[in-house]
Amino acid sequence: MARPENPIDPTAPYATFARQLRKLRQSSGSPTYTTLARRAKYSVSALSQAAAGRKLPSLELTLAYATACGGGREHWTEQWLIAQHQSGPGPLDGPTAAEVRPWSTEPPVPALAGTPQEFIACLRELKLWAGNPSLSRLEAVAFGRGFRLPRSTIGDALSRSRASLPNAFVVRSLVLACLTVAQRQNRIRAEEARPVAEEWQEHWLRVHRSCQRPPRPVSATAASRVLAETVQTVVLPPRQDHALNPIGKVPRDRRLLAQALRELFDELDLSLRGFAVRHHVDPSTLSRYLSGSRIPPRGFLRVLVREASMRRGGESAPEALQRLDALRLAALQAGALPAPPPEADRLDELRQALYDAHAELRRSIELEAALKAQRLSRQQAIARLQAQMGELQGSRSPQPA
């Protein structure tokens, strides 16, 4: 007969989480820790300590314990994140609880989300990362930033039973509200929050496209022909995660275009991911533009030339755009790749207009905050001067005989 477990100390920092683990084990038939060790590939002592409550087990150990007992990985990931935020190992001697970054210094982003359900799960994870604020608090924070985001809308957007993707405004407002809460608790800086919000918009657009435009079926003959042409004309190098892919073995016209694009891109002093997030471009697509394996739309050329011009001090460079247009036209006329659809240029223009509108909105909000602070400062100065004048008048008034 297996030896019974020691009772959980109710004053232990993670007593509640330990009781949840033990309840899961009981619901699965109370297997022995020897049996769990074989299933989870962890030692008996490690699994026993995980359900003791004295310290929080690692996420890997928690998921191994839960999986061995038949628990779901997503549910127990949430429970682990909540436990780490609510309790924390031991008392806080230095900073306050609001200043402690709970389970990760990096906010989650739906980089691997391919379905609306996976995207919504990432939204719930972002809410947990921000400290699991209540729906009322998120509504108030969003209202303070100028967005109307009712609690019912937030709950519907985060619902586990939701099958469709929330609209772009709801996602943007919710992400900004979570980032604002995290920023107030010193989990993220203001300059870090902006690219994270833009990255969420890019991933929402990617998932939205995959839901709206299913891939067209391609016949086996057409697929074989395209594959043969690709192998003959394009030989891509191995993927490099920290640098641009070198220009592959592509036709001369596309090579000249890729080299011209790289010359401008090198002037920006931006990483591939930084440029992609700023201008709502998929990083893999941007890498193909710069390696010559894909001909970019004309809107991308305009964006790149404008960025390079601003880097030089705001000088316009129409000759650079004309040169790139000529190289692009030559690459298209060579017939190596089909021309991008006309909608691509229009889509780039709309993305840039959206980015400009967001930038103008941020500048307006910052200017309004600065004006309010200046008005408050002047009101305080006037109040101090009036008080000083009152004191002087009182001191100069004649004293009674």
Between [Y] and [X], is there a side-chain heavy-atom distance shorter than 4.5 Å?
X: Val181; Y: Trp129; answer: no
X: Asp156; Y: Val170; answer: no
X: Gln379; Y: Ile382; answer: no
X: Leu138; Y: Leu149; answer: no
X: Leu61; Y: Gln49; answer: no

Between [atom1] on residue [X] and [atom2] on residue [Y], distance to nearest 0.5 Å:
X: Cys69; Y: Leu21; atom1: SG; atom2: CG; answer: 8.0 Å
X: Trp76; Y: Gln20; atom1: CH2; atom2: CD; answer: 5.0 Å
X: Ile120; Y: Leu165; atom1: CD1; atom2: CG; answer: 6.5 Å
X: Arg328; Y: Ile295; atom1: CZ; atom2: CD1; answer: 7.5 Å

- Task: For a side chain to side chain donor-acceptor pair (under 3.5 Å) with Arg206, tell me which candidate from Glu202, His203, His208 qualifies.
- Result: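 Between Arg206 and the candidates, side chain to side chain donor-acceptor pair (under 3.5 Å) is satisfied uniquely by His203.
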- Query: More than 12 non-hydrogen atoms from neighbouring residues, nucleotides or ligands closer than 6.0 Å to CZ on Arg160, yes or no?
  - Reply: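 Yes, because the 6.0 Å sphere around CZ of Arg160 holds more than 12 heavy atoms from other groups.
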- Other residues, nucleotides, ligands: >12 heavy atoms within 6.0 Å of Phe143 CZ: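 No, the 6.0 Å shell around CZ holds no more than 12 heavy atoms from other groups.
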- Under 3.5 Å: donor-acceptor pair, side chain of Ser210, backbone of Val207: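 Answer holds: yes.
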- Query: Can you check whether Trp200 and Phe119 have ring centres sitting under 6.0 Å from each other?
  - Reply: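 Aromatic pair counts; centres sit under 6.0 Å.
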- Query: If every non-hydrogen atom of Val171 is compared with every non-hydrogen atom of Trp204, which pair is closest and at what distance?
  - Reply: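 Nearest pair, atom of Val171 first, then Trp204: CG2-CD1, 3.7 Å.
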- Query: After noting the C-alpha distance and the side-chain angles of Ser161 and Ser159, does the key distance pass the side chain to side chain donor-acceptor pair (under 3.5 Å) rule?
  - Reply: CA-CA 5 Å; Ser161 60; Ser159 174; 2.9 Å; yes
